[in-house]
Enquirer: 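Structure in structure tokens, see below.
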Amino acid sequence: MSKRNLLKNPDGNEGLQSWELVRNEGDGWMVQDIPGGCGFDFPGHCKFFATSFRLCLKRQVVNLLNQGFSAEHLDNQPLVKIKDWFSGRTDCGCTYQITVCLLDGNHQVMQRFKPKPITLNPATDNCAWQPMSHTFSDYGPGLRFISFEHGGQDTKFWKGWYGVRVTSSSVEVY
């Protein structure tokens with residue numbers, strides 16, 4: 001099966017549709033136009049999801065059988081590649097986090113990607129758009145679902161949407 005992004009609405013063009021809002025604290029999630037206030041341009045991209053002054057996390061769980069993958073293909077452990085783009089602002093620090101899990105038919109975790117949260121400080125760090133990616137392999141037979149969750153918050157607890165920004169998330173099975 002050819003690669004395709006299995007996440008729906010990865011860039012906010014449909015608002016928050018297709019995303020489960022796991023944590024929607026502070027002023028909650030907001031979809032904004034790139035570059036946004038005190039933001040960075042990202043050629044080829046129009047919108048992003050912005051987080052607030054308390055933790056904001058959103059998730060999609062992809063049912064691979066419903067996406068047309070056969071159990072036989074999935075049991076052969078195809079590569080699973082994920083990518084996410086995140087950025088900060090020029091006026092406020094933020095934290096970014098991501099957790100992606102490969103799940104079996106009972107939603108039990110087979111393999112997890114959960115790097116330490118990243119804190120961006122505009123005084124010392126490059127806060128422009130940057131990728132986070134990972135490739136899953138050798139996870140054993142039984143893969144049926146993929147859980148993709150990401151988000152963060154700002155570091156100054158400013159009212160509004162000064163936290164991390166995310167867009168163009170993707171999950172691909174090869």
Enquirer: Under the side chain to side chain contact (heavy atoms under 4.5 Å, CB included) criterion, do Leu120 and Tyr96 qualify, and how do the steps go?
Expert: CA-CA 8 Å; Leu120 297 176; Tyr96 165 80; 5.9 Å; no

Enquirer: Distance-only, no hydrogens or angles: does the Trp161 side chain make a donor-acceptor pair with backbone N or O of Gly28 under 3.5 Å?
Expert: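 Yes; judged by distance alone, with no hydrogens or angles, the pair exists.
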
Enquirer: Please report the C-alpha distance between Lys58 and Glu20 in whole Å, then the side-chain angles of each, then the deciding distance to 0.1 Å, and finally whether the side chain to side chain contact (heavy atoms under 4.5 Å, CB included) criterion is met.
Expert: CA-CA 5 Å; Lys58 61 186 180 62; Glu20 173 193 354; over 6 Å; no

Enquirer: Going by heavy atoms in the side chains, are Leu103 and Gln108 under 4.5 Å from each other?
Expert: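 No, too far: nothing below the 4.5 Å cut-off.
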
Enquirer: List for me each residue that meets ring-ring contact (aromatic ring centres under 6.0 Å, His included) alongside Phe113, sequence neighbours excluded, and say none if there are none.
Expert: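 Phe113 satisfies ring-ring contact (aromatic ring centres under 6.0 Å, His included) with His134 only.
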
Enquirer: Kindly indicate whether the side chain of Lys159, heavy atoms from C-beta on, has any atom under 4.5 Å from the side chain of Asp27.
Expert: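 Yes, close enough: below the 4.5 Å cut-off.
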
Enquirer: Please report whether the ring centroid of His150 lies less than 6.0 Å from that of Trp19.
Expert: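 Ring-ring flag for Trp19/His150: true, centres closer than 6.0 Å.
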
Enquirer: Check Gly88 against Cys94 and note the closest heavy-atom contact, atom names and distance.
Expert: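 Heavy-atom minimum between the residues: CA-SG, 3.7 Å.
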
Enquirer: Do the non-hydrogen side-chain atoms of Pro10 and Asn5 ever get within less than 4.5 Å of each other?
Expert: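 Sidechains of Asn5 and Pro10: in contact.
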
Enquirer: Let me see the working for Glu172 and Val80 under side chain to side chain contact (heavy atoms under 4.5 Å, CB included), right down to the final yes or no.
Expert: CA-CA 6 Å; Glu172 298 175 339; Val80 176; over 6 Å; no

Enquirer: Any donor and acceptor pair, going by atom type alone, linking the side chain of Gln111 with main-chain N or O of Ser137 inside 3.5 Å?
Expert: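 It does hold such a pair.
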
Enquirer: Pairs under 3.5 angstrom only: tabulate donor-acceptor contacts from the side chains of residues 31-46 to other protein residues two or more places apart or in another chain.
Expert:
residue	atom	partner	partner atom	Å
Asp33	OD1	Lys47	NZ	2.6
His45	ND1	Pro43	O	3.1
His45	NE2	Ser168	OG	3.1

Enquirer: What pair of heavy atoms forms the shortest contact from Tyr174 to Lys3, and how long is it?
Expert: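 Minimum heavy-atom separation between Tyr174 and Lys3: OH-CD, 3.1 Å.
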
Enquirer: Kindly compute the distance separating CD1 (Ile98) from CG (Asp84), expressed to the nearest 0.5 Å.
Expert: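 Answer rounded to 0.5 Å: 4.5 Å.
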
Enquirer: Hey, could you give me the CG/CG distance between Asn121 and Asn126, rounded to the nearest 0.5 Å?
Expert: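 Interatomic distance, Asn121 CG to Asn126 CG, rounded to 0.5 Å: 12.0 Å.
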
Enquirer: Ignoring hydrogens and angles, tell me if any N or O in the side chain of Asp11 forms a donor-acceptor pair with the backbone of Asn13 under 3.5 Å.
Expert: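 Side chain of Asp11 to backbone of Asn13: a pair is present.
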
Enquirer: Are Val109 and Val171 co-members of a hydrophobic cluster defined by side-chain heavy atoms under 4.5 Å apart?
Expert: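 No, because Val171 and Val109 fall into different hydrophobic clusters, even though each may have its own neighbours under 4.5 Å.
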
Enquirer: Without swapping roles, check the side chain of Ser87 against the backbone of Ala128 for a donor-acceptor pair under 3.5 Å.
Expert: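 No, because the side chain of Ser87 does not come within donor-acceptor range (under 3.5 Å) of the backbone of Ala128.
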
Enquirer: Quick one: does Asp125's side chain have a donor or acceptor within less than 3.5 Å of a partner on Cys127's backbone?
Expert: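 No.
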
Enquirer: So how far is it from Met30 CE to Asn24 CG, rounded to the nearest 0.5 Å?
Expert: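 Reported to 0.5 Å precision, the distance equals 10.5 Å.
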
Enquirer: Determine whether Val166 and Tyr162 fall in the same hydrophobic cluster, where Ile, Leu, Val, Met, Phe, Trp and Tyr are linked whenever their side-chain heavy atoms lie under 4.5 Å apart.
Expert: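 Per the 4.5 Å side-chain linkage, Val166 and Tyr162 are not co-clustered.
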
Enquirer: Of the non-hydrogen atoms in Val61 and His107, which two are nearest, and what is the gap between them?
Expert: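 Closest approach of Val61 to His107: CG1-CE1, 4.4 Å.
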
Enquirer: Gln67 versus Arg4: any side-chain heavy-atom pair under 4.5 Å?
Expert: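 Of all side-chain heavy-atom pairs linking Arg4 with Gln67, at least one is under 4.5 Å.
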
Enquirer: Nearest 0.5 angstrom please: Arg112 CZ to Thr99 OG1, how far?
Expert: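 Result: 7.5 Å between the selected atoms.
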
Enquirer: At what distance, to the nearest 0.5 angstrom, does OG1 of Thr119 lie from CD of Gln97?
Expert: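 The CD atom of Gln97 is 10.0 Å from OG1 of Thr119, to the nearest 0.5 Å.
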
Enquirer: For Pro78, is there any backbone N or O sitting under 3.5 Å from a side-chain donor or acceptor partner on Asn76?
Expert: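 No; zero donor-acceptor contacts below 3.5 Å.
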
Enquirer: Taking the basic N atoms (NZ, or NE/NH1/NH2) and the acidic carboxylate oxygens, is any pair closer than 4.0 Å for Arg59 and Glu149?
Expert: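 Salt bridge flag = yes for Glu149 with Arg59.
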
Enquirer: Atom OG of Ser18 and atom CD of Gln60: how far apart are they, to the nearest 0.5 Å?
Expert: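 Ser18 OG to Gln60 CD: 5.5 Å, rounded to 0.5 Å.
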
Enquirer: Quick one: are Ile118 and Phe86 in side-chain contact, heavy atoms under 4.5 Å?
Expert: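 They are in side-chain contact.
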
Enquirer: Has Thr95 got a side-chain atom pairing as donor or acceptor with Gly152's backbone, closer than 3.5 angstrom?
Expert: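 Such a contact is absent between Thr95 side chain and Gly152 backbone.
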
Enquirer: Do Phe69 and Ile82 belong together in a cluster built from hydrophobic side chains that touch within less than 4.5 Å?
Expert: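 In one cluster with Phe69: Ile82, yes.
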
Enquirer: Taking the side chain as C-beta and beyond, is there a heavy-atom pair between Pro115 and Met132 under 4.5 Å?
Expert: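 Heavy-atom side-chain distance check passes, below 4.5 Å.
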
Enquirer: Do Ile146 and Cys101 come close enough that some side-chain heavy atom pair is under 4.5 Å?
Expert: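 Result no, sub-4.5 Å side-chain heavy-atom pair not found.
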
Enquirer: May I ask you to decide if Gly142's main-chain N or O and Asp104's side chain share a donor-acceptor pair within less than 3.5 Å?
Expert: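 Not a single qualifying donor-acceptor pair exists.
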
Enquirer: Write down the atom of Leu143, the atom of Leu74, and the distance for their closest heavy-atom approach.
Expert: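 Of all heavy-atom pairs spanning Leu143 and Leu74, the closest is O-CD1, 3.3 Å.
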
Enquirer: Please lay out, stage by stage, how Asp91 and Arg89 fare under the test salt bridge (Lys or Arg N to Asp or Glu O under 4.0 Å).
Expert: CA-CA 6 Å; Asp91 61 349; Arg89 296 172 53 107; 2.8 Å; yes

Enquirer: Side-chain heavy atoms under 4.5 angstrom apart, residues restricted to Ile, Leu, Val, Met, Phe, Trp, Tyr: same cluster for Phe157 and Trp29?
Expert: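 Phe157 does not cluster with Trp29.
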
Enquirer: So do the side chains of Phe136 and Val100 get within less than 4.5 Å of each other, counting heavy atoms only?
Expert: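 Yes, their side chains come closer than 4.5 Å.
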
Enquirer: With a sphere of 6.0 Å drawn around NZ of Lys8, does it hold more than 12 non-hydrogen atoms of other residues, nucleotides or ligands?
Expert: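 Atom NZ in Lys8 is not crowded, with 12 or fewer foreign heavy atoms closer than 6.0 Å.
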
Enquirer: Check the pair Phe53, Thr155 against side chain to side chain contact (heavy atoms under 4.5 Å, CB included), reporting the backbone distance first and the verdict last.
Expert: CA-CA 7 Å; Phe53 60 92; Thr155 58; over 6 Å; no

Enquirer: If Ile, Leu, Val, Met, Phe, Trp and Tyr residues are connected whenever their side-chain heavy atoms lie under 4.5 Å apart, and connections chain through other members, are Leu6 and Leu102 in the same group?
Expert: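 They do share one cluster, since a chain of ILVMFWY contacts under 4.5 Å joins Leu6 to Leu102.
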
